[in-house]
Every structure is written in structure tokens, then in C-alpha cells.
Amino acid sequence: MTAITGNRTFRKKPQKAINKFITQKVVPPLVALAIFLVVWQLLCLNPGFKLPGPIETFSETFDPFIINPFFDNGESDKGLGWQILSSLGRVGLGFSLATVVGITLGILIGANQFVYNAVDPIFQVLRTVPPLAWLPISLAAFQQANPSAIFVIFITSIWPIIINTTVGVQQIPQDYVNVARVLKLRGAKYFFKIVFPATVPYIFTGLRIGIGLSWLAIVAAEMLVGGVGIGSFIWDAYNTTTETNLSEIILALIYVGLVGLLLDRLVGFIASKVVAEQK
């Protein structure tokens with residue numbers, strides 16, 4: 001009887017955890033989404049409200065944008081799947097470059113007080129420049145749309161990475177530094193044993209902010225540089241505005257939001273694993 005009771009108790013615990021997850025994490029967002037859709041649909045009953053409602057948006061974009069997001073009719077006439085993948089490719093390249101350069105500069109700046117005092121005012125000025133303000137400079141420098149958009153991603157996302165990495169290095173406890181001196185840790189050993197474990201939470205905070213800024217910047221940049229990309233798709237649809245195109249724009253914005261959420265959660269998930277390993 002004891003074994004059976006214990007087995008039943010063991011089975012109930014995962015079920016309780018699943019029920020708790022559903023009631024606390026799944027149901028509330030679904031309820032909020034349902035309320036939002038109802039309010040949106042009710043607003044569309046007003047003749048003065050020019051945007052399509054959720055039902056109309058779904059019916060007008062179901063074929064082909066929802067049912068076949070990877071259609072390809074040549075040039076820029078592609079499904080939203082290809083548009084998003086093209087934008088993600090630019091974000092991936094620009095953000096990767098910003099990650100490598102930003103972490104390297106952040107460590108060098110944080111480790112040297114003189115260098116920090118020299119460059120911090122410059123960085124504080126540059127980081128306040130809006131992303132699209134860099135686009136004319138990048139177009140003049142690269143003479144091509146794709147490298148220009150990648151540069152905008154790079155210059156937008158690098159600042160939070162540099163600043164957070166710098167702060168992380170500066171916050172290394174003095175006891176850690178003293179231990180490193182006693183053990184005569186230098187170079188790569190000092191970095192992997194002292195610097196990286198102490199600064200990795202700060203680094204990932206900067207990366208998480210940077211990936212969000214990257215996704216915001218690429219959508220805006222693509223509206224101006226054209227080509228294939230979710231920003232270009234939205235801008236082209238707006239310039240040929242019809243009721244159907246408004247539905248396409250709304251669907252594209254939903255896709256943009258979902259991809260942005262996934263990118264943020266992905267970096268957060270990687271951070272949780274890496275930080276946990278360092279503890």
C-alpha cells in the first residue's frame with residue numbers, strides 16, 4: 001500500500017506542475033488576446049474606422065501569406081517567410097559582428113581606467129544617434145543597400161554590448177583580482193577563470209538589449225533601402241495601399257512582433273544556460 005500511494009503521489013506532482021503552468025502562463029495570455037481581438041473587431045464596426053478587423057485580415061491574407069508563406073514569384077514578390085528570413089540574415093550578420101567587436105572593446109575598456117575615461121564620453125554621444133540617422137552615412141560609404149543595412153544593425157546593437165560588458169569588467173570583485181595575482185593567472189587563463197565568469201551576466205544583458213534593437217533597426221532600414229525583407233514588404237504594401245494591402249501590413253506586423261519575441265527568448269534561454277554553468 002505504501003508503494004502504491006507513493007507512486008500515485010509521484011504521478012500527481014508532474015500533473016500539478018502542468019496544471020499550474022497552464023493556468024498561470026497559458027490561460028492569461030489567451031484571455032488577453034481574445035479580449036484584444038474582440039475590442040479590435042468591435043472598433044471595426046464603426047464606419048469611420050478604416051482598418052480591417054481580425055476576421056477580415058485573416059480572410060484576406062490566408063491565401064497565400066498564411067497558408068503558403070514561402071511562395072516565390074521572383075524579385076521581391078515573395079512570401080512573408082522569405083521576407084523574414086532575409087531580414088534575419090542581415091540581423092544575424094550585423095549582430096554577430098557587433099557581439100564580437102562589442103565584447104572585445106568592452107573588456108579592453110573596462111580593464112583600463114584611462115581608456116575608459118577617454119572613450120566613454122564619445123560612446124555616450126554616439127549611442128544616442130537614432131539608427132536611421134546612420135543610414136545616409138552607410139549608403140555613402142558602401143554604395144550598396146545590403147551592406148548599408150547590415151552596418152545599421154551593427155552600429156545600433158553594439159552600444160549596449162560595449163557598455164554592459166564594460167560595467168561587468170569594472171564590477172569584478174577585488175578579491176577575485178587578488179586571487180588571480182596570487183595564482184599568477186595571466187592572459188587566457190585570467191580571462192576564462194576570472195573575467196568571463198564575472199562578466200557573463202552583464203554581457204548577456206547587453207546581448208539581449210542589442211538583439212531587440214537590431215530587429216527594430218532592420219525593419220526601419222529596409223523600408224528605405226528596399227529589396228527583399230520584411231521592412232521592404234511593409235513599405236511596398238503601404239505605397240500601394242488598398243484594403244487588402246492593409247491586411248497584409250497588419251499580418252506582417254504580427255510576424256515582426258512574434259519573431260522579435262522569439263529572438264529575445266532565444267538569447268534569454270542561452271543566457272540562462274551559460275550563466276548557470278558559470279555558477
For Ala217 and Thr156, the nearest pair of non-hydrogen atoms, with its separation, is CB-OG1, 3.9 Å

Student check: side-chain heavy atoms of Leu88 and Trp215 closer than 4.5 Å: yes

Could you tell me which non-hydrogen atom of Ser247 sits nearest to which non-hydrogen atom of Pro52, and how far apart they are? OG-CG, 3.4 Å

For Ala180, enumerate each residue passing the side chain to side chain contact (heavy atoms under 4.5 Å, CB included) test, keeping only those at least two apart in sequence or located in another chain. Leu185, Tyr190, Ile194

So, do Phe154 and Val101 sit near enough that their side-chain heavy atoms are less than 4.5 Å apart? yes

Walk me through whether Val228 and Gln83 qualify under side chain to side chain contact (heavy atoms under 4.5 Å, CB included). CA-CA 6 Å; Val228 179; Gln83 305 283 358; 3.4 Å; yes

I'd like to know if the side chain of Ser87 and the backbone of Ile230 have a donor-acceptor N/O pair within less than 3.5 Å. yes

Roughly how far, to the nearest 0.5 Å, is CG of Asp236 from CD1 of Ile249? 10.0 Å

Inter-residue atom distance Glu222.CD - Asn146.CG, 0.5 Å rounding: 8.5 Å

Going hydrophobic residue to hydrophobic residue with side-chain gaps under 4.5 angstrom, can you get from Ile66 over to Leu80? yes

What's the shortest heavy-atom distance between Leu139 and Gln144, and which atoms? CD2-O, 4.0 Å

Any sub-3.5 Å donor-acceptor pair from Thr165's side-chain atoms to Ile107's backbone N or O? no

Are Tyr255 and Phe65 an aromatic pair by the rule of ring centers under 6.0 Å? no

Once rounded to the nearest 0.5 Å, what's the spacing between atom OG1 of Thr61 and atom CD1 of Ile254? 8.0 Å

Does any part of the side chain of Leu135, heavy atoms only, come nearer than 4.5 Å to the side chain of Val225, both counted from C-beta? yes

I'd like to check the side chain to side chain contact (heavy atoms under 4.5 Å, CB included) partners of Val39; sequence neighbours left out, ordered by chain and number. Ile35, Leu43

Is there a side-chain contact between Ile163 and Gln124 in this structure, where contact means two heavy atoms from C-beta onward sitting under 4.5 Å apart? yes

If you apply the rule side chain to side chain contact (heavy atoms under 4.5 Å, CB included), what do you find for Asp175 with Asn178, and how did you get there? CA-CA 5 Å; Asp175 291 343; Asn178 294 336; 4.2 Å; yes

Check against side chain to side chain contact (heavy atoms under 4.5 Å, CB included), Leu253 and Ile234: CA-CA 8 Å; Leu253 293 178; Ile234 293 172; 3.9 Å; yes

So which atom in Arg90 and which in Ala149 form the shortest heavy-atom distance, rounded to 0.1 Å? CD-CB, 4.1 Å

So which heavy atom on Ser232 is nearest to which on Gly227, and how close? CB-O, 3.1 Å

Should Pro131 and Leu213 count as side-chain neighbours, where that means a heavy-atom distance under 4.5 Å? no

Quick check for you: to the nearest 0.5 Å, what is the distance between Ile162 atom CD1 and Leu105 atom CG? 5.0 Å

In sequence, state the C-alpha distance, the side-chain angles, and the governing distance for Leu266 and Leu262, and then conclude on side chain to side chain contact (heavy atoms under 4.5 Å, CB included). CA-CA 6 Å; Leu266 177 61; Leu262 291 175; over 6 Å; no

If you take all heavy atoms of Val91 and Ile153, which pair is closest and at what distance? O-CG2, 4.0 Å

Are more than 12 heavy atoms, taken from residues, nucleotides or ligands other than Leu51, located less than 6.0 Å from that residue's CG atom? yes

Between CG on residue Asp264 and CG on residue Leu207, distance to nearest 0.5 Å: 11.5 Å

Is Ser86 reaching over with its side chain to a backbone N or O of Trp82, donor-acceptor style, under 3.5 angstrom? no

About how many Å separate CD1 of Ile155 and CD1 of Ile137, when rounded to the nearest 0.5 Å? 11.0 Å

Of all pairs that satisfy ring-ring contact (aromatic ring centres under 6.0 Å, His included), the ones with a partner from residues 91-140, not counting sequence neighbours: Phe123-Trp159

Are there over 12 heavy-atom neighbours, none belonging to Trp40, within less than 6.0 Å of that residue's CH2? yes

